There are 2 protein chains.
Amino acid sequence: MGRTSDAREKILDAAHSLIELRGYSALGVAEICKAAGVPKGSFYYFFESKEALALAVLDEHWQTQRDDWARALQDGDAEPLSRLRRLFEQTQAGLCAGQQSCGTVSGCMFGNLTLELSNQTEPIRARLQQIFDAQVEMVDTVIAEAQERGEVTVGDTGDAARSVVAQLEGQVLFAKLYNNTRHLEALWDNCLALLSARPTDMAAISS
Amino acid sequence: MGRTSDAREKILDAAHSLIELRGYSALGVAEICKAAGVPKGSFYYFFESKEALALAVLDEHWQTQRDDWARALQDGDAEPLSRLRRLFEQTQAGLCAGQQSCGTVSGCMFGNLTLELSNQTEPIRARLQQIFDAQVEMVDTVIAEAQERGEVTVGDTGDAARSVVAQLEGQVLFAKLYNNTRHLEALWDNCLALLSARPTDMAAISS
């Protein structure tokens, strides 16, 4: 049983790395199994299809990222806007570390698969919608808190949160395109602008 | 000779539609030729490789889109900020028309291929960089004009232009994910916020 679950983990890990590097469509089950060092026959013991594997990779990746986002956004000791800033810094550091280990900025797996696949497989589209909804909700909670404290002025906190996540995805796209994480540095100022943060608060938090 | 260039156009058109629907990696030369109604043998008469075809599709698509962007952004009769607004409305209308004809929002081909391919083929990465650089430059020119007229306040107009294009790409990603072009409606307000547009000008242009 130990060996069995080990093979599943190996397949998941290999698929995660390969999807991050080359997307989903370019991969075959045989290649994933070869990279995982498991016989191809065992693949279908764990996963019904390549799509089922992709869903499992998405779930596992979101589980890890959700914990990272929660650490950045839900630490009650820090001011709400500083927590958003921490999320951007953490995202940039993560992309930077990935670039150092594999030579290129791989971007955001959720954004990558959204643009590659959302029109092709409905189960993957639905899962990606749930993940982005959850991201927007986490950011929304922080913006609502800042709004309550009079630190930002937005019409609808949910729409504002979606715009912040859209800016994040757009700058991550540029970081991948130019293989340069410096693009993420614009996020903090842009977030303050999108939220109409009050200049006094901006100065206090930026310093 | 008429027939020859006709076959090249047919291959380009078929590849364009298929790449828009399913990306690049999922396609094979045989499938493209079948959709184009040309014998597979003739493919390599016109294109050295599938990558060469993708570069030709990108060039052709950018040539058309550059004209659209120029029409929206370079009409000297309108105020600079209204021209940016026209670009967003035109983008939304284009995605909407595509959705009506094929059932799904296909997104931005340049954004799609950036996230799918920029780490896999350097020639495609370089071409996409040129295209996004050109987009940013076109938006930069308009922002610089608005800045000169005192209608916006940004530090660096080039950085501001990149943030506007990042916001556009991020919202197009959501439009594709949710198959809903309504996400593009946020672009105008977000652009004004990103550019710190003066409230009086915002009111004048929004009304």
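All values reported here derive from a predicted model rather than from experimental measurement. Below, chain A is the first sequence line, B the second, and so on; all start at residue 1.
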Q | Distance in Å, A:N119 CG paired with B:C102 SG, rounded so as to fall on 0.5 Å steps | A | 7.0 Å
Q) Can you tell me how far the CD atom of B:Q167 sits from the CD atom of A:Q171, to the nearest 0.5 Å? A) 9.5 Å
Q. Counting only N and O atoms by type, is there a donor-acceptor contact under 3.5 Å from the side chain of A:Q129 to the main-chain atoms of B:L177?
A. yes
(Q) Could you check whether any side-chain N or O of A:Q120 sits under 3.5 Å from a backbone N or O of B:R22, counting only pairs where one atom can act as donor and the other as acceptor? (A) yes
(Q) With rounding to the nearest 0.5 angstrom, report the CG to OG1 distance, A:L173 to B:T114. (A) 5.0 Å
Q: Please state whether the side chain, the backbone, both or neither of A:L21 comes within less than 4.5 Å of a heavy atom of chain B.
A: backbone
Q: Go through the atoms of A:D133 and report whether side chain, backbone, both or neither lie under 4.5 Å from a heavy atom of chain B.
A: both
Q) In Å, rounded to the nearest 0.5 Å, how long is the span from CG of B:L115 to CD of A:E169? A) 8.0 Å
Q: Check each atom of B:N190 against the heavy atoms of chain A and say whether the ones under 4.5 Å are side chain, backbone, both or neither.
A: both
**Q.** Segment of A:V105 engaging chain B (4.5 angstrom heavy-atom cut-off)
**A.** backbone
(Q) Report which part of A:N112 has an atom under 4.5 Å of a heavy atom belonging to chain B: side chain, backbone, both, or neither. (A) both
Q) What distance do B:Y24 atom OH and A:S25 atom OG have between them, rounded to the nearest 0.5 Å? A) 12.5 Å
Q: Output the residues of residues 53-68 of chain B for which the shortest heavy-atom distance to chain A is under 4.5 Å, in residue-number order; output 'none' if no such residue exists.
A: none
Q: Against chain A, work out which of B:G103, B:G107, B:G111 has the most heavy-atom pairs shorter than 4.5 Å and name it.
A: B:G111
Q. Is a side-chain N or O of A:R125 found less than 3.5 angstrom from the main chain of B:K176, in a donor-acceptor match?
A. yes
(Q) Just verifying a value: how many Å separate B:S118 OG and A:F174 CZ, rounded to the nearest 0.5 Å? (A) 11.5 Å
Q: May I ask you to name which of B:G23, B:A26, B:S163, B:A160 has the most heavy-atom pairs under 4.5 Å with chain A?
A: B:S163
